[in-house]
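Data block below; observations after.
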Amino acid sequence: MGKAALIDGKAFAAGLRDRIGAAIADLKARHGAVPGLAVVLVGEDPASQVYVRNKGKQTLESGMASFEHKLDAATSQEALLKLIADLNANPAVDGILVQLPLPDHIDAQAVLDAIAPEKDVDGFHVINAGRLATGGDALVPCTPLGCLLLLRDRLGDLSGKHAVIVGRSNIVGKPMAALLLRESCTVTVTHSRTKDLPAECRRADILVAAVGRPEMVKGDWVKPGATVIDVGINRIDAPEKGAGKTRLVGDVDFTSASEVAGAITPVPGGVGPMTIACLLRNTVEAACRRRGWKMPDL
Ligand code: NDP
């Protein structure tokens, strides 16, 4: 490791989960009820099964109610929409998360847009995306929200900083750009058609990589002292660990970037653990808004 400070997302997420746990105990004492999160999984994608298991486990550990719905891969879109309608109408359910990807025969955006916007704790509903873009009270997608919390913790006031985001997906790049604009950063969003990506990245005080390409962002793309947030989670072969072994790497070449950056998130242990912690946070927020409770300070 070079001279960059390590941004410990695992520790920050653990602290956030502790604060959420305390807030839920307090809400229970005041109101005699706890927030509830429903997670819907369609099919047997192994990575999705792990995510859903972890979400359910951490929801229960926080003291919230967890409702898990595991549906067969052949479930029709109609049946899934019926379940969403039931969850929308269920007063014990404050947050609804449909694990992506959905099977090919289902129109994912139609399903996401069927979730009541006030229960859309993933923040993927077009109403929440629109509110975020126009400065309204949105539920914000969990991964970019996690990145923002890490940046605020590290840098304090972000206004006037030049943020460069690599990637423009609806779940990471675009909401990240909207959030950083809301913080009064000067924001550049780059993508696969960007000309001279290394030069764009070198202008960044804050560099967020959300590309899905292992170790693409090199140390000489990083401005000295910049804060680097690596959202990527890529599994690559690791023959040095033995035949058939793999390891996780980010979208940033950690070895070279950490020689130049001021601070950097590792993979694993950086942005990854923040995502579920922010999902729990969004569920508390959704519950407080819907039930008229005062939002705790998290
Ligand atoms: P997408 O595949 O939806 O988007 C990737 C973006 O990167 C696109 O905008 C694409 O550009 C851009 N891109 C691809 N190749 C290049 C290139 N060579 N140069 C510049 N830009 C490029 O990915 P996601 O946003 O869903 O995810 C990004 C990464 O973050 C993945 O590694 C994913 O696993 C990880 N992730 C991690 C999460 C966490 O909890 N930590 C949660 C979500 C994602 P274009 O639009 O032009 O095609």
Side-chain angles (χ1 to χ4, degrees), residues 7-14 16-17 39 45-55 57-58 97-102 108-109 112 121-124 129 132 140-151 163-180 187-204 207-218 220-222 228-236 246-254 257 264-282:
I7 299 175
D8 189 344
K10 197 173 168 192
F12 190 96
L16 178 55
R17 284 200 307 271
V39 178
D45 177 67
S48 294
Q49 284 179 324
V50 173
Y51 291 141
V52 166
R53 199 164 46 241
N54 285 337
K55 285 168 186 172
K57 184 167 163 273
Q58 293 192 25
L97 178 146
V98 177
Q99 184 65 46
L100 300 178
L102 287 168
Q109 194 61 47
L112 296 178
V121 282
D122 247 345
F124 295 159
L132 175 60
V140 174
C142 303
T143 300
L145 178 59
C147 296
L148 178 66
L149 296 181
L150 292 178
L151 283 167
V164 176
I165 300 159
V166 191
R168 57 172 162 178
S169 72
N170 288 339
I171 64 172
V172 190
K174 279 184 203 149
M176 188 79 248
L179 279 174
L180 290 171
V187 180
T188 302
V189 183
T190 66
H191 46 78
S192 67
R193 306 293 179 90
T194 296
K195 294 203 169 72
D196 203 351
L197 184 59
E200 294 295 342
C201 291
R202 274 192 290 271
R203 297 164 59 211
L207 181 58
V208 180
V211 199
R213 301 204 180 266
E215 301 177 319
M216 187 184 85
V217 175
K218 307 296 180 198
D220 63 0
W221 300 22
V222 176
V228 178
I229 303 288
D230 189 353
V231 182
I233 301 178
N234 309 287
R235 191 166 282 286
I236 62 167
T246 60
R247 65 189 173 97
L248 287 182
V249 297
D251 292 339
V252 177
D253 177 23
F254 184 85
I264 186 168
T265 57
V267 177
V271 174
M274 293 298 292
T275 298
I276 298 185
C278 286
L279 172 67
L280 303 180
R281 189 205 165 283
N282 277 355

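Every value quoted in this text rests on a predicted model; they were computed, and no experiment measured them. Each ligand, and each atom within it, is numbered from 1 in the order the structure gives. Here, residue 1 is the first one in the sequence, and each next residue gets the next number.
Residues Phe124 and Ile171 meet the side-chain proximity criterion, which asks for heavy atoms closer than 4.5 Å.
Closest approach of Arg202 and Asp220 over heavy atoms only: NH1-O, 2.6 Å. Closest approach of Val231 and Thr143 over heavy atoms only: CG1-CG2, 3.6 Å. Smallest separation of non-hydrogen atoms from Cys142 and Cys278: O-CB, 3.6 Å. For Thr265 against Asp230, the heavy-atom pair with the smallest separation is OG1-N, 2.8 Å.
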Next on the checklist: Checking Val252 against Glu215 for the side chain to side chain contact (heavy atoms under 4.5 Å, CB included) test, could you report, in this order, the C-alpha distance in whole Å, the side-chain angles of both residues, the deciding distance, and whether it holds?
Outcome noted: CA-CA 4 Å; Val252 177; Glu215 301 177 319; over 6 Å; no
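Listed by chain and residue number, the protein contacts of ligand 1 are Thr143, Gly167, Arg168, Ser169, Ile171, Val172, His191, Ser192, Leu197, Ala210, Val211, Gly212, Arg213, Met216, Val231, Gly232, Ile233, Asn234, Asp251, Val271, Gly272, Thr275 (heavy atom within 4.0 angstrom).
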